[in-house]
A.B. asks: 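Sharing a structure, written as structure tokens. Questions coming.
Numbered from 1 within each chain, the chains take letters A, B, ... in sequence-line order.
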Protein chains: 2
Amino acid sequence: MGGALTIGEVARRAGVAVETVRYYERLGLIPPPPRKASGYRLYPEDTVRRIRFIRHAKELGFSLREVAELLALRLEPTTPCAQVKRRVQEKLQDIQRRMQALQRIEKTLEELLGACREGAPITQCPILEALEDTERGGKRHG
Amino acid sequence: MGGALTIGEVARRAGVAVETVRYYERLGLIPPPPRKASGYRLYPEDTVRRIRFIRHAKELGFSLREVAELLALRLEPTTPCAQVKRRVQEKLQDIQRRMQALQRIEKTLEELLGACREGAPITQCPILEALEDTERGGKRHG
DNA sequence: CTTGACCCTGTAGCATACTACAGGGTGTAT
DNA sequence: ATACACCCTGTAGTATGCTACAGGGTCAAG
């Protein structure tokens, strides 16, 4: 157990608060670590990476529940392959949808930038169009 | 005012609750609309698009405050061009960072999928590596 | 021993983003 | 007039994700 870290060290390295680490443990996002005789937690170094992942995924819009699902996508020897495959594919689709939406915002911002350079007048609001999808609405011809 | 909508219609079309529409108005995400003599709100049709944008942007991890900032990136005739440019560029960078992070998760999931197909053993946890960045941690050689 | 940083559990509170409800008014069809 | 769906304001509550605190124990250095 050469790399065991106290909760404070984990929190510092992962960029979160100590309470957050305990909170994630309560939620099951982090496995409960072994303890010293004093009751102090001793985390494997891997925990830092895990919490960083959680942080980043949250920033991308995933709820903690969703993050837990992502983290569960490990290959375990006992998990049937077809089951993993379906779960991974679902997540992939979700991620691809998010990426497409981000691309649309990006494109619109680039157009805004171009319009700014050219001094062209903008009479529409292009940012609202960026995330328009196939839902119908606001386009009635009355 | 051919396209004026009651709050219930806006909510239905935008896919949110009536209370949410009022909430967004209180937050300033939606301009307060004109009223009938009865006090009923009459929203322009554009509001549906606006709320949809808010919804989608939230799903991508933007806070409502951040969404408000995105929505404010309209070209107004009175806004100096250099100011708009800087704001847009900041948002672009943020969006590009999020896209890169999503791409990394995507790549990892695809690798997981491939590993599943080939029946290759995975001894690491690739999902955690997906969002590793240049922060140092968990890699100490003791 | 003292000091200060760190740890523990458990409870309460804050921030964000809604969501529901009370009490009452409005609009439309029967 | 009645019934029902919808509207209003204002207040309170819920869910999520922390964040802070109380009360007390541990650790290491001076």
A.B. asks: If you assign Tyr23(A) and Lys36(A) each to the DNA chain D nucleotide with the nearest heavy atom, which residue ends up on the more 5' nucleotide?
C.D. replies: Tyr23(A)
A.B. asks: Starting at the 5' end of DNA chain D and moving along, which residue's nearest nucleotide shows up first, Leu27(A) or Arg41(B)?
C.D. replies: Arg41(B)
A.B. asks: Does a nitrogen or oxygen in the side chain of Lys58(A) sit under 4.0 Å from OP1 or OP2 of dT16(D)?
C.D. replies: no
A.B. asks: What I want to find out is whether Arg41(B) reaches Glu25(B) closely enough, with some N-O distance under 4.0 Å, to be called a salt bridge.
C.D. replies: yes
A.B. asks: Applying a 4.0 Å non-hydrogen cut-off, can you work out what Arg22(A) is touching in the nucleic acid: base, sugar-phosphate, or nothing?
C.D. replies: base
A.B. asks: In whole angstroms, how far is the P atom of dC18(D) from the CD atom of Glu25(A)?
C.D. replies: 15 Å
A.B. asks: Between the side chains of Asp46(B) and Arg50(B), is the shortest nitrogen-to-carboxylate-oxygen separation below 4.0 Å, so that they form an ion pair?
C.D. replies: no
A.B. asks: How many angstroms lie between atom CZ of Arg12(B) and atom CG of Leu5(B), to the nearest 0.5 angstrom?
C.D. replies: 10.0 Å
A.B. asks: Relative to the 5' end of DNA chain C, which residue comes earlier, Ser63(B) or Tyr40(B), by the nucleotide with the nearest heavy atom?
C.D. replies: Ser63(B)
A.B. asks: Rounded to whole Å, how long is the line connecting atom CD of Glu9(A) with atom P of dA28(D)?
C.D. replies: 12 Å
A.B. asks: Indicate yes or no: does Glu59(B) engage Arg98(A) in a salt bridge with an N to O separation below 4.0 Å.
C.D. replies: no
A.B. asks: Which is the 5'-most and which the 3'-most nucleotide of DNA chain C that has an atom under 4.0 Å from a heavy atom of chain A?
C.D. replies: dC6(C) to dT9(C)
A.B. asks: Provide, to the nearest angstrom, the distance between the CD atom belonging to Glu19(B) and the P atom belonging to dA12(D).
C.D. replies: 17 Å
A.B. asks: So, Arg22(B) side chain and Ile7(B) main chain: donor-acceptor pair closer than 3.5 Å or not?
C.D. replies: no
A.B. asks: Return no unless some side-chain N or O of Tyr24(A) is found under 4.0 Å from OP1 or OP2 of dG17(D).
C.D. replies: no
A.B. asks: Quick one: on DNA chain C, does Ser38(B) or Ile54(B) contact a more 5' nucleotide (nearest heavy atom)?
C.D. replies: Ile54(B)
A.B. asks: Which part of the nucleic acid, if any, lies within contact of Ile7(B), taking any heavy atom under 4.0 Å across all strands shown: a base, the sugar-phosphate backbone alone, or nothing?
C.D. replies: sugar-phosphate
A.B. asks: Whole angstrom is fine here: how far is it from CD in Glu59(A) over to C1' in dG17(D)?
C.D. replies: 14 Å
A.B. asks: Just so I know, are the side chains of Leu29(A) and Ile54(A) near enough to count as touching, which here means a heavy-atom distance under 4.5 Å?
C.D. replies: yes
A.B. asks: Would you mind telling me which of Thr6(A), Val48(A), Ile30(A) makes a side chain to side chain contact (heavy atoms under 4.5 Å, CB included) with Tyr43(A)?
C.D. replies: Ile30(A)
